[in-house]
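First the structure, in the form of structure tokens, and then the observations on it.
Numbered from 1 within each chain, the chains take letters A, B, ... in sequence-line order.
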2 protein chains.
Amino acid sequence: MGKLFSINNYNEIKEIFHDKGLKCTPQRQAVLKVLQESKGYLSISKIHRNVKELLPGTGLATVYRSLETLIELNLVVKVHLEDGCHSYAVAPKGHRHPIVCTDCNRVIDYTECPMEDLSKKLTKDTGILIQNHFLQLFGTCKQCQT
Amino acid sequence: MGKLFSINNYNEIKEIFHDKGLKCTPQRQAVLKVLQESKGYLSISKIHRNVKELLPGTGLATVYRSLETLIELNLVVKVHLEDGCHSYAVAPKGHRHPIVCTDCNRVIDYTECPMEDLSKKLTKDTGILIQNHFLQLFGTCKQCQT
DNA sequence: GCCCTAATTGAGAAACTTTCTCAATTGTAT
DNA sequence: ATACAATTGAGAAAGTTTCTCAATTAGGGC
């Protein structure tokens with residue numbers, strides 16, 4: 001079917017799929033596009049709703065499968081919200097941490113990572129080899145501080 | 001029914017419940033005890049299994065309800081594991097961050113918080129008022145590094 | 001452009017997780 | 001000891017995620 005939507009860098013994305021022997025299907029493109037166009041995190045049901053606007057017949061199972069694939073390809077990240085629910089967002093390029101505005105649900109990426117220094121210090125102090133970390137900040141953005 | 005288990009500081013806990021007009025039931029005590037005696041995080045089903053050893057007839061719904069109550073009382077925290085599943089642990093006293101060993105699932109609390117300085121800096125830089133943060137570290141503990 | 005093949009999809013069933021309902025029970029204050 | 005409101009157990013209900021399988025489709029080779 002080829003290129004269905006005007007995703008920013010379609011050829012790059014196609015290549016990422018093909019490098020792993022995966023097909024660049026319209027459903028996967030649609031899921032990615034929905035996330036790229038969203039300002040914040042989206043729940044599965046919102047993703048499904050938006051994907052169906054682009055591609056009416058898309059099933060829920062396909063959304064789950066596409067997200068799984070996109071996560072494997074590091075194009076998407078799964079995030080945990082405060083209430084324990086899951087949502088999804090496009091993976092930030094490089095190492096970043098998201099700041100979620102608890103009022104408007106907008107997301108601002110933060111590039112400075114306090115863990116780089118801390119990880120080394122921690123390994124020295126405790127002997128634990130830090131392999132990964134998960135940091136998420138919650139706050140109120142400028143617009144919502146009225 | 002009164003005191004069923006020798007929880008460290010039974011009277012303190014009883015008072016925490018009563019202060020909020022809640023009953024100190026054996027089911028709630030059992031859920032708390034199971035978490036206090038665990039080295040790491042526990043999933044709902046593991047909590048249920050362990051609680052039933054102390055209190056055979058306990059229903060799953062009660063475990064959910066007890067956890068909800070214990071979280072409200074700040075005695076327990078809900079945590080997010082890497083795969084997106086939920087688990088529960090006793091709330092660390094004071095401000096701490098858990099380090100999860102990905103091999104043995106043990107948890108080591110870390111008291112130093114890099115966020116205190118960072119939050120202020122961040123508010124100054126971006127204007128976002130940081131209200132809360134979620135930090136979790138994953139690594140390999142000493143015993144598992146063989 | 002047209003096959004061929006393996007990957008992918010849609011639809012619904014199935015499995016699993018969490019919440020709800022309600023009669024019966026049980027802490028706690030009096 | 002009694003009364004009352006909070007809590008519980010059991011199963012139903014609701015919600016979420018995964019599975020199954022026949023039908024479809026993307027992509028490579030001709």
Any side-chain N or O of [X] less than 4.0 Å from the OP1 or OP2 oxygen of [N]?
| X | N | result |
| --- | --- | --- |
| A/T25 | D/dA26 | no |
| A/H86 | D/dT17 | yes |
| B/Q27 | D/dG9 | yes |
| B/Y64 | C/dT19 | no |

Atom [atom1] of [X] and atom [atom2] of [N]: how far apart are they, to the nearest Å?
| X | N | atom1 | atom2 | result |
| --- | --- | --- | --- | --- |
| A/K23 | D/dA26 | NZ | P | 8 Å |
| B/L67 | D/dT8 | CG | P | 11 Å |
| A/H18 | D/dA26 | NE2 | P | 11 Å |
| A/R28 | C/dA7 | CZ | P | 11 Å |
| B/Q29 | C/dT26 | CD | C1' | 13 Å |
| A/K52 | C/dA11 | NZ | P | 10 Å |
| A/D19 | C/dA7 | CG | P | 16 Å |
| A/L55 | C/dT8 | CG | C1' | 13 Å |

Under 3.5 Å: donor-acceptor pair, side chain of B/Q27, backbone of B/T58:
no
Does A/S38 reach the main-chain N or O of A/V34 with its side chain, forming a donor-acceptor pair under 3.5 Å?
no
Qualifying residue, where the test is side chain to side chain donor-acceptor pair (under 3.5 Å) with A/K33 and the options are A/Q29, A/E37, A/Q36
A/E37
Upstream residue (5' side of DNA chain C) when A/A61 and A/T69 are each assigned their closest nucleotide:
A/T69
Before you tell me yes or no, could you show the steps for A/L42 and A/Y88 under side-chain contact (heavy atoms from CB on, under 4.5 Å), namely the whole-Å CA-CA distance, both residues' side-chain angles and the distance that decides it to 0.1 Å?
CA-CA 5 Å; A/L42 293 178; A/Y88 298 82; 5.8 Å; no
Does the pair A/F17 and A/R28 meet the rule for a side-chain contact (heavy atoms from CB on, under 4.5 Å), with working shown?
CA-CA 10 Å; A/F17 281 111; A/R28 287 171 177 170; 3.7 Å; yes
Looking for any heavy atom pair under 4.0 Å, which part of the strands does B/T58 touch: base, sugar-phosphate only, or nothing?
sugar-phosphate
Would you classify B/L60 as touching base, sugar-phosphate or nothing, given that sugar-phosphate means primed atoms plus P, OP1 and OP2, and contacts are heavy atoms under 4.0 Å?
base
Taking the nucleotide of DNA chain D with the closest heavy atom to each, which residue, B/V63 or B/G21, is nearer the 5' end?
B/G21
Could one point to a donor on the side chain of B/R65 or the base of D/dG9 with an acceptor on the other under 3.5 Å away?
yes
